[in-house]
Amino acid sequence: MLRHLRAAAGNPTLAAISRRTSVSVATLSRLFAGSTLPSRQAVVATAKTLTTDGNELNAVNDLYLRALMERARARPRLTAASATGKDPELQQFQDNLQALVRSSGLSVRQLAARTGIARSTISDALHHTRLPRPDTVAAIAEACGDAPDSWKRAVTELARAHEQAAKTAREESAPSPSDTLIEAAVTRSPAEIAALAANLKDNGQSAVAARLVETAVKERTVEDVAALAVALLNPTPDRDGEGESLAEVPPQKQEPTSWWRRRLGQAD
């Protein structure tokens, strides 16, 4: 966009643009080459030397904010133990909003008077770890003489990104059905644990059965582990409330399987 505006303005030299904007030639060179994303002040100042068309200036502002959000999303997120404890995307957004306020020369008190928004709300929008409301950001931008819609769209996109990240984090941290099953099952009697493990294995869930046995071995007493080993290696048929076998045909006595021996051996 800026290269197009420069061409339309007759391709002024970088030195000439630098004299009019106080932006260094080196920064302008990187800006027009697209190799870096400089400060918003540098971009806006450069655009204003090349055009006075309000629509074109708004388009430059939109493109800059969009590029800023893309760059923030591409960077690794800071951990909760970071120095500021603030999301890097939010920090970058607030840095630019603060720069806009500084360039306007307005104080927080003056912004509050112009927007009708409480000073504490404006201060939170500029500094708080919570994402500001789009309407608040738009009002601040308009009071500073900038395009409010661009800022409103930027903070709305940021809010969507935060919501998606939070949803993904919740889904990743939610316990799996097998985890819930194991957590409940390991408190049951050794015989019940053995029966469930055998059932899981017979139904193709050997990995879950193995985790159940290993968890029980780690959390139960020595006596319970011994009883569990006996129940695993010498399975008995399930019984109903009358004490009679539910199996139509009594199972044949089985030799301990190598699978159970490996599970118990690994858990020791």
Counting N and O atoms only, with roles assigned by atom type, does the side chain of [X] sit under 3.5 Å from a partner on the main chain of [Y], one being a donor and the other an acceptor?
X	Y	result
Thr21	Ile17	yes
Gln94	Ala125	yes
Gln98	Leu126	yes
Thr215	Arg211	yes

Pairing residues for [X] by the side chain to side chain contact (heavy atoms under 4.5 Å, CB included) criterion, not counting sequence neighbours:
X	result
Arg20	Thr49
Thr115	Ile117, Ile122, Ala139, Ala143
Ser120	Ala118
Arg3	Phe32

Legend entry - Hphob cluster co-occupancy, Leu97 + Val44, side-chain heavy atoms under 4.5 angstrom: no
In short, salt bridge (charged side-chain N to carboxylate O under 4.0 Å, His left out) pairs touching residues 132-141 with sequence neighbours left out are Asp135-Lys152
Here the ring-ring contact (aromatic ring centres under 6.0 Å, His included) pairs for residues 129-155, sequence neighbours left out, are Phe93-Trp151
Heavy atoms of Ile193 and Ala185 approach each other most closely as CG1-O, 3.4 Å
Heavy-atom nearest pair, Leu100 first then Cys144, reads CG-CB, 3.8 Å
Report the distance from atom [atom1] of [X] to atom [atom2] of [Y], rounding to the nearest 0.5 Å.
X	Y	atom1	atom2	answer
Leu196	Leu181	CG	CG	5.5 Å
Arg160	Leu158	CZ	CG	11.0 Å
Asn96	Gln91	CG	CD	10.5 Å
Arg114	Leu106	CZ	CG	4.5 Å

All side-chain hydrogen bond (donor to acceptor under 3.5 Å, both in side chains) counterparts of [X], not counting sequence neighbours:
X	value
Ser189	Glu192
Asp53	none
Asp149	none
Asp202	none

Residues 99-113 vs side chain to side chain donor-acceptor pair (under 3.5 Å), sequence neighbours excluded, gives Ser107-Gln110
Show me the side-chain donor-acceptor pairs of residues 220-229 shorter than 3.5 Å, one per line, residues at least two apart or across chains.
| from | atom 1 | to | atom 2 | distance (Å) |
| --- | --- | --- | --- | --- |
| Arg220 | NE | Asp224 | OD2 | 3.1 |
| Arg220 | NH1 | Val186 | O | 2.6 |
| Arg220 | NH1 | Arg188 | O | 2.6 |
| Arg220 | NH2 | Arg188 | O | 3.2 |
| Arg220 | NH2 | Asp224 | OD2 | 3.2 |
| Thr221 | OG1 | Asp224 | N | 3.1 |
| Thr221 | OG1 | Asp224 | OD2 | 3.3 |

